[in-house]
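Shown next, in structure tokens, is the structure this report addresses.
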2 protein chains.
Amino acid sequence: MNIQNHSPRTLPFSIADDFRLERLLGYNAQQKIISLLGHVNGVRTIVVMEKTQFAVDSEEDVKKWLALIKQPNGQGLQQVIVNDKYYMLNLPAMEDDHFNLLNTSIIFPADESDIAKYSMQSHELFLETPSLYQEVTRPYIDKIPKEHEKWVDNLLQKQSEVEHMIYEDTESEEDLRFMLHPDMKYDKVDRNQLYCIAFCFNKEIKSLRDLSTERHLKMLKNVRDRGCQVIEQLFGIPREKLRIFVHYLPSFFRFHVHFTNVDNTSVNNGVERAHLLDDIIENMEVFGLDFYQRKTLTITIKGTHGLYRSFKERTTNVDRK
Amino acid sequence: MNIQNHSPRTLPFSIADDFRLERLLGYNAQQKIISLLGHVNGVRTIVVMEKTQFAVDSEEDVKKWLALIKQPNGQGLQQVIVNDKYYMLNLPAMEDDHFNLLNTSIIFPADESDIAKYSMQSHELFLETPSLYQEVTRPYIDKIPKEHEKWVDNLLQKQSEVEHMIYEDTESEEDLRFMLHPDMKYDKVDRNQLYCIAFCFNKEIKSLRDLSTERHLKMLKNVRDRGCQVIEQLFGIPREKLRIFVHYLPSFFRFHVHFTNVDNTSVNNGVERAHLLDDIIENMEVFGLDFYQRKTLTITIKGTHGLYRSFKERTTNVDRK
């Protein structure tokens with residue numbers, strides 16, 4: 001569409017007065033968009049509205065925003081959720097405006113790791129060849145203190161988060177077993193937002209790179225088939241609605257699989273990091289069990305990640321040619 | 001984080017009065033989020049604000065929204081952009097509120113295809129085996145009227161959109177050549193949002209499935225290496241910041257490649273549809289030129305798509321086992 005600006009032009013009708021709503025066509029909760037079908041004097045009309053982003057061109061803009069915030073006191077604050085240093089509440093940006101609320105989280109006091117977490121960080125793409133994996137990534141993984149994955153052990157041994165567990169595979173042999181939990185972001189209510197994680201019991205598999213045997217293949221199929229069955233039974237979502245994938249690099253090095261509703265678009269399912277489970281299985285079956293030992297994989301690394309410097313030093317564009 | 005609700009609780013300070021801004025930590029323009037670092041009485045504090053989604057639980061909610069809209073008349077409407085039946089403008093949701101604008105698009109009059117485009121449509125995932133491609137997808141592609149891709153011919157022959165062209169490869173042999181255009185969503189200003197499309201001159205390649213020869217491989221490398229060079233020269237974005245990929249199924253059947261800034265998260269780069277160009281090249285080199293004739297590919301299809309019914313009828317979950 002080649003937009004030309006013929007200003008000044010006016011809209012030939014008033015939205016508030018002339019537009020008769022027929023139905024909601026669609027909405028996007030992440031992007032804050034709605035699309036509406038209606039008519040104006042009998043002519044079918046679509047109105048699409050998207051909330052604007054925060055004006056952040058200058059510090060003054062941000063300060064103006066902050067100054068606007070109306071903080072109700074007393075009973076108006078009943079909806080504050082507090083956990084330790086985390087406060088969560090909805091605030092109106094202007095007096096008596098119940099339509100433009102701000103979903104606000106406050107961390108008080110905040111430490112360095114909180115600051116890192118909420119800071120915008122730029123990503124870079126690198127090609128991890130099998131030899132770069134052996135020389136750089138694998139030693140990095142081996143040096144991660146065992147305590148970092150203690151929470152996974154607690155989970156698998158049912159010493160924590162037991163109340164959230166969705167399913168435990170108790171029938172399969174130990175090295176094929178897995179446990180299904182909701183992702184932190186999933187409230188178990190909105191089916192369109194379904195997001196579950198299958199944690200695998202086999203501790204030897206740190207990541208995609210370690211998949212290499214017939215038993216691993218059998219485990220992958222077990223996770224896929226049983227996981228789909230359970231999700232269909234419990235949530236009524238059929239297999240063809242599930243995007244099932246693995247991250248590489250993962251955020252922690254114990255093999256786990258993401259199950260999400262394909263209509264959930266707020267998921268970290270970008271091609272630069274996600275690998276479909278069906279693809280992994282097929283690649284190992286058709287192109288060899290050692291596919292993920294032979295494959296060069298694209299990885300994205302933030303500037304603050306422990307692997308960033310090593311990759312930045314060792315890879316040059318020459319590698320790509 | 002296991003949030004517990006200890007209501008009524010109050011926030012121990014006022015954001016508007018007590019919070020001293022130190023700096024903007026980050027923002028997300030798509031999701032309308034900002035995160036701010038500051039301090040309250042010397043204690044470091046983070047405030048994260050996200051605009052709320054439109055309340056769409058009932059038609060009444062939507063009608064209330066519409067009734068709020070203030071439509072400035074006369075010179076206030078100078079910012080309306082009009083092209084044919086498309087109108088674009090920013091509207092305040094309440095009088096004198098310059099902070100909560102609504103980025104509004106209006107299609108007047110709207111036809112069936114507009115309604116389909118803006119309707120929320122559910123996707124399903126299917127496994128396209130090589131034989132399903134031959135029996136179902138290929139005949140579908142072959143039946144698409146040539147006029148549907150006339151706009152691509154116009155573009156390559158410089159009969160339209162010439163003013164937008166970013167680069168034309170005139171040095172390579174005909175079957176290796178490509179032309180670089182901005183994607184419709186890209187304004188050529190914000191480097192973080194970079195989104196360009198390389199249109200390939202070789203008309204024989206309808207999609208990923210047709211890639212099969214040494215010449216094709218040479219073309220892919222030409223597009224990648226020359227495309228990266230041009231983007232670095234013109235926009236100052238280095239190769240390691242570029243997510244380069246192909247869609248399968250594509251939205252039109254003439255081979256083209258997407259170049260986007262890896263920090264641009266509003267891109268359709270989900271693993272269920274996108275294939276990294278580096279992966280395509282490596283797969284053909286390492287696992288055989290016929291990789292994409294042998295590979296089973298996951299495809300996502302909307303219920304209204306011409307291929308939906310055929311796939312729904314022919315594939316069952318049995319295929320996956």
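In what follows, every chain begins at residue 1, and chains take the letters A, B, ... in the order their sequences are listed.
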Among His275(A), His123(A), Lys85(A), which has the most heavy-atom pairs under 4.5 Å with chain B? His123(A)
Is there a donor-acceptor contact under 3.5 Å from the side chain of Glu272(B) to the main chain of Arg243(A)? no
Non-hydrogen atoms of chain B under 4.5 Å away: do they reach the side chain of Ser35(A), the backbone, both or neither? side chain
What residue in Ile115(A), Val286(A), Asn283(A) has the most heavy-atom pairs under 4.5 Å with chain B? Ile115(A)
Looking only at heavy atoms and a cut-off of under 4.5 Å, which of Thr300(A), Asn261(A), Val43(A) has the most pairs with chain B? Val43(A)
Per-residue tally against chain A (heavy atom, under 4.5 Å) across Leu102(B), Leu101(B), Asn192(B), Leu37(B) peaks at Leu101(B)
Does the pair Lys51(B) and Asn100(A) meet the rule for a side-chain contact (heavy atoms from CB on, under 4.5 Å), with working shown? CA-CA 7 Å; Lys51(B) 296 205 176 182; Asn100(A) 297 298; over 6 Å; no
Which heavy atom of Ala67(B) sits nearest a heavy atom of Ala16(A), and at what distance? O-CB, 4.1 Å
Under 4.5 Å from a heavy atom of chain B, the part of Phe19(A) involved: side chain
Output, in order, the C-alpha distance, side-chain angles, deciding distance and verdict of side-chain contact (heavy atoms from CB on, under 4.5 Å) for Leu127(B) and Asp278(A). CA-CA 9 Å; Leu127(B) 288 176; Asp278(A) 275 326; 3.9 Å; yes
The interface call for Leu66(A) against chain B, heavy-atom contacts under 4.5 Å, is both
So what's closer than 4.5 Å to chain A heavy atoms on Leu297(B): side chain, backbone, both or neither? neither
Applying a strict 4.5 Å limit to non-hydrogen atoms, the region of Asp263(A) in contact with chain B is side chain
Taking Glu282(A) for its side chain and Thr296(B) for its backbone only, find out whether a donor-acceptor pair lies under 3.5 Å. yes
Could you work out, with salt bridge (Lys or Arg N to Asp or Glu O under 4.0 Å) as the rule, every residue matching Glu112(B), not counting sequence neighbours? Arg44(A)
Quick check on the interface: out of His39(B), Lys295(B), Arg273(B), Arg294(B), who has the most heavy-atom pairs with chain A under 4.5 Å? Lys295(B)
So which residue, Ile34(A), Leu36(A), Leu21(A), ends up with the most heavy-atom pairs under 4.5 Å with chain B? Ile34(A)
Among Leu91(A), Ile106(A), Ile69(A), which one satisfies side chain to side chain contact (heavy atoms under 4.5 Å, CB included) with Met49(B)? Ile69(A)
Tell me, yes or no, whether the heavy-atom count around Lys302(B) atom NZ, taken from other residues, nucleotides or ligands under 6.0 Å, exceeds 12. yes
Heavy-atom distance under 4.5 Å to chain B: side chain of Ile33(A), backbone, both or neither? backbone
For chain B, which candidate among Ser105(A), Gly270(A), Gly26(A), Ser14(A) shows the most heavy-atom pairs at distances under 4.5 Å? Ser105(A)
Cationic tip of Lys32(B) within the cone over Phe54(A)'s six-membered ring, i.e. under 6.0 Å and within 45° of the normal? no
Asp61(A): partners by salt bridge (Lys or Arg N to Asp or Glu O under 4.0 Å), with sequence neighbours left out: none
Between OH on residue Tyr118(B) and CG on residue Leu24(A), distance to nearest 0.5 Å: 14.5 Å
Distance from Leu276(A) atom CG to Leu125(B) atom CG, nearest 0.5 Å? 7.5 Å
Contacting moiety of Ala274(A), where chain B heavy atoms sit under 4.5 Å: both
Supply the atom-to-atom distance Phe291(B) CZ to Phe287(A) CZ, rounded to the nearest 0.5 angstrom. 4.0 Å
Under 4.5 Å, counting heavy-atom pairs only, tell me which of Asp114(A), Thr52(A), Val47(A), Ile281(A) racks up the most with chain B. Thr52(A)
Counting only heavy atoms not in Phe13(A) (residues, nucleotides, ligands), do more than 12 fall under 6.0 Å from its CZ? yes
Rounding to 0.5 Å, atoms CZ (Arg239(B)) and CD (Glu124(A)) come to a distance of 13.5 Å
When rounded to the nearest 0.5 angstrom, what distance separates OG1 in Thr104(B) from CD1 in Ile15(A)? 5.5 Å
One should read off an interatomic distance between Glu240(A) CD and Lys312(B) NZ, to the nearest 0.5 angstrom, of 4.0 Å
Looking only at Ser119(B), Gly288(B), Pro238(B), Ser160(B), the option with the highest number of non-hydrogen pairs under 4.5 Å against chain A is Ser119(B)
